[in-house]
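Starting from 1, each residue takes its place in the sequence as its number. Numbering of ligands and ligand atoms starts at 1, following listing order.
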Amino acid sequence: MIVERPDFRRLDADIAGEVIVPGRAAYDAARRVWNGMIDKRPLAIVRCAAVDDVQAAITFAASNGVSVAVRGGGHNIAGNATCDNCLVIDLSPMKSIEVDEDRRRARAGGGVHWGEFDAETQRHGLATTGGLMPSTGIAGFTLGGGLGYLMRSYGLACDNLLAAEVVTAAGQRLTASLDQNSDLFWGLRGGGGNFGVVTSFEFQLHEVGPLILAGAIAHPLSRAKDAFRFYRDFSAAVPDSLAVYASLATGPDGAPRMGMRPVFNGPITQGLAAVRPLREFGPPILDDVVPRPYVEVQKFAEPAFPPGRLNYWKANFVDDLSDELIDVVIGSFRRVPSQYSLVVFEHMGGTVARVAETATAFHHRTPAYSLLILSGWLDAADTAANVAWARELWELTRPLSSAGVYVNYLGTEGTQRIRDAYGVNYARLSEVKHKYDSANFFRLNQNIEPAPTLS
Ligand SMILES: Cc1cc2nc3c(=O)[nH]c(=O)nc-3n(C[C@H](O)[C@H](O)[C@H](O)COP(=O)(O)OP(=O)(O)OC[C@H]3O[C@@H](n4cnc5c(N)ncnc54)[C@H](O)[C@@H]3O)c2cc1C
């Protein structure tokens, strides 16, 4: 039986956290997510302060026939952390972070952001592969895979996941690890939010910093082609300890430019030698590569991505940064309609590529780069032009890219794109989904259809 407006006061009375309904002062802020394009009105938002609250929320939603969306950091471009006429299970109060320095492990609640995680782990001189924006949630990021500057050294965030505490659609609390519920653990490492609500994550940590060599190098658009060709050859030959992201963006002077962002995870003297060719090429119009605290490096992207701006993203993985692809992106960027839009190549390889494609649910192990077309603008009147620019560039790059796409960069793009994201692992993911969520209770996500095991 579907009840249109359940009595959320009953849920509120049952939990340590709070339920925010329309009309409450906090409702408008609580329903917003990072992407200003998303404007949805949930029936209620339940801010869970403990695992019991998550169980109560799931049981309440199931017994009232209400759909749920799950919110970690609220950063997802598709806006799946919120929804119309549903219950949002919001983990933002679950902020605990415990670091075990001796065992180099950290356990963090499902509402922790990367800025919070990095600050705490760096107090011990440790870190793991994390997001480039401090306000990105560890939850959605890790469940989708998790690409960051340290991935070439240590693998993706999901490769560093040791265990997760999960509340299933049946309201059951499970531990997922290599030893317990290992099929669920496999699915959580790249299968997104399909299998349950993850209330805590345990990560492997590594010695990082506190100072690492990093910064920006920029060239004018007129030299972008040569710079990209140099970047292609350079980035293919560097050690795992060096990651170099490349981009096209509008500089502070209003002129478009090609940028490279080297981040060296290791001794500063080795880093200086490793990045020297990059700094000598050109000469660049900007070079601010210096030793910096790792936590500062992890905030580089923050000014470019304020919350609430209108955003539309397209993405693909790229095996070969061909001359043709370079020409296409530069040609398109000459016509970019907004100063806030970027094209980014995330430098993959290294440890990421040494994991078998079926070892975790995240299977995109071999691409050299992840290509991101990030369209951002301020005025809703400009939406059509900015979306069209991103779509057109993506169409042009498609034949020059791999078919795969990173699930965390997907918008609302249909079932084929979801299958492209899960790729060779889709059938096994469907079986895991069937085992843990056969009724597809967790469906407001990049959804995997449950399918029983055939054998
Ligand atoms: C500015 C910006 C920068 C980014 N940079 C990077 C980057 O460097 N590398 C990278 O890999 N990605 C990056 N991303 C993408 C990011 O990984 C995804 O947006 C990711 O989904 C964010 O996680 P979240 O918890 O903040 O998202 P949310 O929007 O809260 O959640 C996204 C989805 O994850 C699931 N989910 C969230 N929390 C839980 C939970 N506790 N249990 C179960 N399911 C859950 C749900 O299905 C939800 O719909 C970036 C995004 C933005 C906006």
Side-chain angles (χ1 to χ4, degrees), residues 32-38 48 51 54 58 68-83 86 88-92 94 108-115 117 129-151 156-158 164-169 176 184 187-188 190-201 243 245 261 263 298-309 311-313 315 340 342 344 346-348 352 362 364 370 372 374 376 406-412 436-437 442-448:
R32 295 279 176 199
V33 290
W34 176 82
N35 185 1
M37 288 280 272
I38 310 297
C48 298
V51 181
V54 175
I58 289 173
V68 300
V70 183
R71 178 181 181 125
H75 253 225
N76 199 259
I77 191 76
N80 287 327
T82 187
C83 49
C86 79
V88 174
I89 298 180
D90 179 356
L91 302 190
S92 54
M94 299 182 74
V112 169
H113 296 170
W114 280 110
F117 187 92
T129 305
L132 272 51
M133 276 285 288
S135 52
T136 297
I138 62 165
F141 179 93
T142 304
L143 295 172
L147 280 57
Y149 291 132
L150 296 181
M151 66 182 155
L156 304 166
C158 73
E165 299 297 322
V166 185
V167 182
T168 66
L184 176 60
L188 292 176
N194 272 283
F195 310 105
V197 179
V198 182
T199 53
S200 78
F201 296 80
Y245 283 28
R261 168 105 45 215
V263 174
Q298 284 290 88
K299 293 179 185 161
F300 275 157
E302 201 166 29
F305 298 103
R309 196 182 272 169
N311 286 278
Y312 181 83
W313 290 10
Y340 304 114
L342 296 94
V344 176
E346 296 173 303
H347 186 193
M348 299 186 65
V352 178
F362 182 98
H364 309 281
S370 157
L372 262 169
L374 305 169
Y406 176 29
V407 72
N408 273 346
Y409 295 157
L410 267 187
T412 308
Y436 292 96
D437 183 17
F442 297 107
R443 63 180 172 278
L444 297 179
N445 45 40
Q446 303 297 350
N447 197 236
I448 296 163

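Annotation for ligand 1: atoms under 4.0 Å from non-hydrogen atoms of Ala81 are 28 (P), 29 (O), 30 (O), 49 (O). The atoms of ligand 1 that sit less than 4.0 Å from any heavy atom of Asn445 are 47 (O). Taking every heavy atom of Gly146 and a limit of under 4.0 angstrom, the matching atoms of ligand 1 come to 11 (O). Residue Ala139 approaches ligand 1 through these ligand atoms, each under 4.0 Å from one of its heavy atoms: 38 (N), 39 (C), 40 (C), 41 (N).
Taking 4.5 Å as the limit, every side-chain heavy atom of His75 sits out of range of all side-chain heavy atoms of Phe141. With a 4.5 Å cut-off on side-chain heavy atoms, Leu188 and Phe201 do not count as touching. When side chains are defined from C-beta on, Tyr245 does not count as touching Phe300, because their heavy atoms never get closer than 4.5 Å. Within the 4.5 Å cutoff, side-chain heavy atoms of Met94 are placed close to those of Val51. Contact annotation: the side chain of Trp313 never approaches that of Asn35 to less than 4.5 Å [non-hydrogen atoms, C-beta and beyond]. Inter-residue side-chain proximity for Trp34 and Asn311 is flagged as met; some heavy-atom pair is nearer than 4.5 Å. With a 4.5 Å cut-off on side-chain heavy atoms, Phe195 and Leu143 do not count as touching.
Ligand 1 lies less than 4.0 angstrom from a heavy atom belonging to Val197. At least one heavy atom of Gly74 sits less than 4.0 Å from an atom of ligand 1.
At a heavy-atom distance under 4.0 Å, only side-chain atoms of Phe305, from C-beta outward, approach ligand 1. Heavy atoms of Ile138 found under 4.0 angstrom from ligand 1: none, in either backbone or side chain. Counting heavy atoms closer than 4.0 Å to ligand 1, residue Asn311 contributes nothing at all.
Not a single N or O atom of Leu91, backbone or side chain, sits closer than 3.5 Å to an N or O atom of ligand 1.
Among all protein heavy atoms, the one lying closest to atom 43 (C) of ligand 1 is Gly196 O, 3.1 Å. In terms of protein heavy-atom proximity, atom 7 (C) of ligand 1 is closest to Leu147 O, 3.4 Å. Protein heavy atom at the shortest distance from atom 49 (O) of ligand 1 is Asn80 CB, 3.2 Å. In terms of protein heavy atoms, atom 10 (C) of ligand 1 is closest to Phe141 CE1, 3.1 Å. The shortest contact between atom 42 (N) of ligand 1 and any protein heavy atom is with Val198 N, 2.9 Å. In terms of protein heavy-atom proximity, atom 17 (O) of ligand 1 is closest to Asn408 ND2, 3.2 Å. Counting only heavy atoms of the protein, atom 26 (O) of ligand 1 lies nearest to Gly137 N, 2.9 Å. The protein heavy atom nearest to atom 24 (P) of ligand 1 is Gly73 N, 3.4 Å.
No option in Thr168, Val68, Ile89 other than Ile89 meets the side-chain contact (heavy atoms from CB on, under 4.5 Å) test with Ile58.
The protein does not reach atom 33 (C) of ligand 1 closely, with no heavy atom under 4.0 angstrom from it.
The backbone N or O of Leu410 sits less than 3.5 Å from a side-chain atom of Gln446, completing a donor-acceptor pair.
When the heavy atoms of Leu410, Thr82, Asn76, Thr136 are ranked by distance to atom 21 (O) of ligand 1, first place goes to Asn76. For atom 46 (C) of ligand 1, the choice among Val68, Leu132, Val70 with the nearest heavy atom turns out to be Val70. Within the set Trp114, Trp313, Tyr245, the minimum heavy-atom distance to atom 51 (C) of ligand 1 is found for Trp313. Distances from atom 11 (O) of ligand 1 to the heavy atoms of Tyr409, Phe442, Tyr406 put Tyr406 nearest. Of the candidates Gln298, His75, Met133, the one placing a heavy atom closest to atom 27 (O) of ligand 1 is His75.
The minimum heavy-atom distance between Val197 and Val70, with the atom names listed, is CG2-CG2, 4.0 Å. Contact detail for Val166 and Ala176: the closest heavy-atom pair is CG2-CB, 4.5 Å.
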**Steps toward side-chain contact (heavy atoms from CB on, under 4.5 Å) verdict (Leu374, Phe305)** = CA-CA 10 Å; Leu374 305 169; Phe305 298 103; 3.7 Å; yes
**Item:** From CA spacing to verdict: side-chain contact (heavy atoms from CB on, under 4.5 Å), Val167, Thr199
**Value:** CA-CA 7 Å; Val167 182; Thr199 53; 4.0 Å; yes
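Remark: Asn76 engages no residue in a side chain to side chain donor-acceptor pair (under 3.5 Å) (not counting sequence neighbours).
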